[in-house]
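To keep things clear, I will list the structure first and then write my remarks on it.
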Protein chains: 2
Amino acid sequence: MSEGVEWALHSCLNLTWLDSDEAMTAARLAAFYELPAAYLNKQLQALARAGILASTSGPRGGFRLARPPEQITLLDVVTAIEGPGEAFRCEEILRKGPGGREDADYRKACVVSQAMRRAELTWRKELAGQTLADIKATVERRHPRAPASARDWFASRRP
Amino acid sequence: MSEGVEWALHSCLNLTWLDSDEAMTAARLAAFYELPAAYLNKQLQALARAGILASTSGPRGGFRLARPPEQITLLDVVTAIEGPGEAFRCEEILRKGPGGREDADYRKACVVSQAMRRAELTWRKELAGQTLADIKATVERRHPRAPASARDWFASRRP
DNA sequence: GGGTGTCTACTCGGATAGCTAGTGTCCGAGTGAACAAGG
DNA sequence: CCTTGTTCACTCGGACACTAGCTATCCGAGTAGACACCC
């Protein structure tokens, strides 16, 4: 799995602690974790294309959450970065086998494919069951000073 | 996920239909699905290193299951090919952040990492709950002629 | 005929290239704010 | 003082190199069977 998923999740989490009308620069989000700014920008672009973030150009521009954290699941973020394809992609090798039929859809018929798909479905379901708001709440419960600390850091680094 | 996982799973399934004392050549297993023989051989080597297959060299040599299908889970095969590392590898970017501690283990402490790890655990659990024997039984129930058909094909292609 | 040594063909095993996709960087288009000038 | 036009710094967005890991291939080490030869 791509490294950008971790960056995207933490960046989205940081955005939940901001005023929703305020936009955050990719450069500042990157500086928070000492990440390469240009590359994080690329990942945030993907999130914007997926409708998770809203981006505005020019001065005072940047990224902000496109919808409330309750409506952003971890699966949304992962899918935006990794793409919609499944991790286990059935290439239907049964078709090339002796009893293979050209018209059959082995993604559905193949038992191996089904088993792998079912496992991946539980993974997706687990990720879809956790929203950004849940993560935010858990972090705030365990580390109550984290949000204010992050806000202060971003405020102190304001240009 | 690597393409070899699909090949490995189907090859192991074919091996369940063989007499346990008979070894199957990588070349013949590859010919069954028209796969590149040398590359499949590489994947089977990984399965052998993991203790899933037993390999014997020389004439009448090849691969066979190292233990009964009931004791080989899908997770075993996936892990053998993909390696033991997790798909989401937490790089602990929190350590580089403002409140980061050098001594903390963010793979355990980070809420994001926990959520991703939990999802991946359900995936692993689902894969670990399915053995090669289960797959074999399901295939034989849905396509009763499949085992004999495969056996005949391998027999007809015996050098 | 039976035993034995050699030979050969066959198989795995690891070392070796090629290629796609993830990683990282850069510069340009667009934009909104700030500023200066004029009414 | 207020309005308006211009300028300009700032930001995203996509286009361009670089790297790592997956894909694919090849040849060598080892082995088990077959064969020929000798007793």
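Note that this is a predicted model, so its numbers are computed, not measured. Order of the sequence lines sets the chain letters (A, B, ...), proteins ahead of strands, with each chain counted from 1.
Counting non-hydrogen atoms of other residues, nucleotides and ligands closer than 6.0 Å to CZ of B:R67 gives a total above 12.
Panel note: side chain B:E120, backbone B:A87; a donor-acceptor pair is recorded below 3.5 Å.
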Readout for nucleotides 17-31 of chain D: B = base within 4.0 Å of protein heavy atom, S = sugar-phosphate only, - = neither; 5' to 3' it is ------BBBB---BB
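To the nearest angstrom, P of D:dC10 lies 17 Å from CE of A:M24. For the pair B:L47 CG and C:dG13 P, the interatomic distance rounds to 11 Å; values are reported in whole Å. In this structure, CD1 of A:I81 is placed 18 Å from P of C:dA21, rounded to the nearest angstrom. Going from atom CG of A:L35 over to atom P of C:dT23 covers 12 Å, rounded to whole Å. At whole-Å resolution of the value, CZ in B:F63 and C1' in C:dT11 are 9 Å apart. In this structure, B:Q45 places its CD atom 5 Å from P of C:dG13, rounding to the nearest Å. When the P atom of D:dC10 is taken as reference, atom CZ of A:R28 falls 13 Å away, rounded to whole Å. Put simply, CZ on B:R49 is 8 Å from P on C:dG13, counting in whole angstrom units.
B:Y33 and B:H10 have perpendicular rings, their planes meeting at more than 60° on a 0 to 90° scale where under 30° would count as parallel.
Contact between the side-chain N/O atoms of B:S55 and the OP1/OP2 oxygens of C:dC12 is not found at any separation under 4.0 Å.
B:Y39 and B:W7 have their aromatic ring centers within a separation under 6.0 angstrom.
As judged by a 4.0 angstrom heavy-atom cut-off over every strand, B:A26 is placed among residues touching the sugar-phosphate backbone only. No contact: A:A27 has no heavy atom under 4.0 Å from any strand.
The two residues B:A80 and B:A46 have their closest heavy-atom pair at O-CB, 3.8 Å. Contact between B:C12 and B:L132 at its shortest, heavy atoms only, is CB-CD2, 3.6 Å.
A side-chain hydrogen bond (donor to acceptor under 3.5 Å, both in side chains) check over residues 145-154 of chain A, counting only residues at least two apart or in different chains, returns nothing.
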